[in-house]
Amino acid sequence: MPSAIVFQSDFGLVDGAVSAMHGVAYSQDTEMKIYDLTHEIPQYDIWEASYRLIQTVEYWPEGTVFVSVVDPGVGSSRRSIAVRTSSGRYIITPDNGTLTHIKRMLGIEEARIINESSNHLPHSELSYTFHGRDVYAYVGARLAANQISFEEIGEKAEVDSIIELPVVDPVFEHNTIEGTIDVLDVRFGSLWTNIPHDLFAQLSIAQGERVEVSIRNDTRFVYQNIVTYAKSFADVRAGESLVYINSLQNMAVAINQGSFAKAYNIGTGTSWRIKLKKAPRIIYEN
Amino acid sequence: MPSAIVFQSDFGLVDGAVSAMHGVAYSQDTEMKIYDLTHEIPQYDIWEASYRLIQTVEYWPEGTVFVSVVDPGVGSSRRSIAVRTSSGRYIITPDNGTLTHIKRMLGIEEARIINESSNHLPHSELSYTFHGRDVYAYVGARLAANQISFEEIGEKAEVDSIIELPVVDPVFEHNTIEGTIDVLDVRFGSLWTNIPHDLFAQLSIAQGERVEVSIRNDTRFVYQNIVTYAKSFADVRAGESLVYINSLQNMAVAINQGSFAKAYNIGTGTSWRIKLKKAPRIIYEN
Amino acid sequence: MPSAIVFQSDFGLVDGAVSAMHGVAYSQDTEMKIYDLTHEIPQYDIWEASYRLIQTVEYWPEGTVFVSVVDPGVGSSRRSIAVRTSSGRYIITPDNGTLTHIKRMLGIEEARIINESSNHLPHSELSYTFHGRDVYAYVGARLAANQISFEEIGEKAEVDSIIELPVVDPVFEHNTIEGTIDVLDVRFGSLWTNIPHDLFAQLSIAQGERVEVSIRNDTRFVYQNIVTYAKSFADVRAGESLVYINSLQNMAVAINQGSFAKAYNIGTGTSWRIKLKKAPRIIYEN
């Protein structure tokens, strides 16, 4: 029985591109289990592609093959690679930074450079713009269906050589943690930071206590306020802000039933810095 | 063989949340058949979640497990429940009104309160914001895969205790039916009312005859005009309005190849009232 | 084992319509493999439905059943048909032009008129507005599951009688090719023309050489400029325009990492004409 294959891209769902990839996969083995991570990655946004993989791959069983196609360099000399994570999942992708989070946070056990001359959908030689269909879906499906081994994909590559996007690590200093805003929970407008919950724990803030949150970008201070550290949205009032542990077990900031990102025009990336510190206790005069 | 599992949520498809739920389901049984109802429920819109379930569940076979996660109260004391409908489908959802239409129109045979301490994805204890993945997908998949019985989900709850949103029943009086605009056929801009076709039949209007349609909301009259009662869109001209029986066999109002909702700024909910009555016959002078 | 069934429509994914079709298909055979081409065809846009089919069907194996429901005439006397392509795929659709490209470019081997009285989801007689669910999904699934033969769908129709939308063929004259802009690669804003790469080859333009591109519609000249003919996007700078061979092996025009369609307000259809000719070589004075 073939393993599951899970597709991700920046193609959107309005045309036939995703279905052509599904068809190529299904044609390799009609028992193929085909799923989609998302096809709504913003165009060319390699960072977000990387983030959505780390958000998802561990919830699929060992042996699952992920095919991620966010590929601004299609047709250039960028390498196409296949990797096995240290937890036994496979990812097929252009080597352009899409593996940044997987490499850093989960670990890559082995990498192979896709030999495109031996691993290419038959009769697709003329088209140089749709490697998602002609190379990645094809190779991924053949791997998932055990028609080729991981080794047959191509020559070994050094894991160190896999391209990483620049990442800024969170810093703990003077009872303050500074991190970056990595990504938005788009639909709900929450900010997801790169600050792990166990680093935050060093601030010794209990649930129900208050956090001073400051946000700045390259050019200005964007936000500074005192926010409740809550176990979940329901612990604060509708419209109230909260700091919480998100589903990746990093610190996040939100407005209950509102959009923090829209309310304060927050963006993402390494220029968006967020500081968390314990807020002074407020004593109300009687 | 596992039953099908069908997911619904307000998460959208732009990030990894839906795929994480799929992965949790697939990990319970790699023969799992995983489908999606929709993930584009407007955020926190329990009413629409309820409506999309009644629109769909009966088209899936007995034993199908639906997992619906529109959950503004995640982390609060709201109950998580599993129900078996009187037609033998299962629905897993927060008990927040999502079952309103199912309970009233289809009937619930039995309800169980999910025991979250025994039914929780292993190693997900720290996160309190993603019960869709950690509880609902997990329980739903285990039920679909026959790894737990319905009874093992948790203690029995009284069907009467399941939360319902307020619903206004249609009223027949003085040869007029007054109902509410329950939901839009979003893409085509049609209004779907809560007036069943057999109540409408009591107005004795034949297909091809004309209906007086009046629409008002809390604050004003929105629309009043004479519209043809047609079997289908093709019976009126492009751009012409019609009253028809929709695919749920309730009365609906549309513009053929246009959007009635956009044309007249129509909303939905119990404050949006619609009246239908037989229009006087028009006699043209010669 | 049932064949795969692949759905396309203009219903969008925000409500329960697509899931009801999936449920009808799954109910015929719980081993059914259900996929989606796209449900984001612009409402009533038969041309685009036709184009997305030709873009996709050949990537699925023989025997695959496509169900395409873009149906402005639902409820009218328009025929419902099932066809077998000359390559052995099946398509179920209203006969309204949806098969234009398939008929012209791939070929139709045999057509059958769906006998709706014998091929209708049981108990769906009252609704006349959702043939996608009540007729097309039902017939398609029964065919995919081998519960009915192609012949049992209904009487044979002459292939010649299948409705085609007007198509303008590309013309080669005076060292210039004039074609139409058939469709957009929506997400990336590229123009896909109806000019095949082998017709373009007669202009004897080598990769890296330059093409004069002119675009006009009914009312005005829209664009005229010199553009590089490139193998792929990576061969030009970010922000530079290019002419290339798309994944259907026709000529296309794009801006690398930009949107050509948005930049110049380009539309699609037979009134949008594009001319390609070899550009004079530019000699820079020293």
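Chain letters run A, B, ... following the sequence lines, proteins first and then strands; every chain starts at 1.
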Residue by residue, scan residues 136-147 of chain B and write down, ordered by number, those that have a heavy-atom distance under 4.5 Å to chain A; if none do, write 'none'. none
Where is the tightest heavy-atom contact between A/Met251 and A/Val243, given as atom of each residue plus distance? CE-CG1, 3.7 Å
Could you label the plane-to-plane angle of the B/His22 and A/Trp60 rings as parallel, tilted or perpendicular, counting under 30° as parallel and over 60° as perpendicular? perpendicular
Which pair of non-hydrogen atoms, one from B/Trp47 and one from B/Pro166, has the smallest distance, and what is that distance? CZ3-O, 3.8 Å
Check whether A/Lys231 gets within reach of chain B through its side chain, its backbone, both or neither, counting any heavy atom under 4.5 Å. both
Part of A/Val6 lying under 4.5 Å from any heavy atom of chain B: side chain
Could you pull out the closest heavy-atom pair between A/Ile177 and A/Pro170, with the gap in Å? CG2-CB, 4.4 Å
Taking CD in A/Gln202 as the centre, count heavy atoms belonging to other residues, nucleotides or ligands within less than 6.0 Å. Is the count above 12? yes
With a 4.5 angstrom heavy-atom cut-off, could you sort out which part of B/Val18 is near chain A: side chain, backbone, both or neither? neither
Do B/Ser19 and A/Arg52 pair up side chain to side chain, a donor and an acceptor below 3.5 Å, judged on atom types alone? no
Should A/Arg89 and A/Glu58 count as an ion pair when the cut-off is N to O under 4.0 Å? yes
A/Tyr35 versus chain B, the contacting section by heavy-atom distance below 4.5 Å: side chain
Closest-packed option against chain A by number of heavy-atom pairs under 4.5 Å, given B/Ser27, B/Ser77, B/Ala17: B/Ser27
Contact leader toward chain B among A/Ala230, A/Ser232, A/Ser3, where contacts are heavy-atom pairs under 4.5 Å: A/Ser232
If you look at every heavy atom in B/Val168 and B/Thr180, which pair is closest and at what distance? CB-CG2, 4.0 Å
Tell me, for B/Met32 versus chain A, whether the close heavy atoms (under 4.5 Å) come from the side chain, the backbone, both or neither. backbone
Any salt bridge between B/Glu40 and A/Arg187, counting N to O under 4.0 Å? yes
Report which part of B/Gln28 has an atom under 4.5 Å of a heavy atom belonging to chain A: side chain, backbone, both, or neither. neither
Side chain, backbone, both or neither of B/Tyr44 within contact of chain A (heavy atoms, under 4.5 Å): side chain
Atom CG of A/Asp182 and atom OG of A/Ser50: how far apart are they, to the nearest 0.5 Å? 9.5 Å
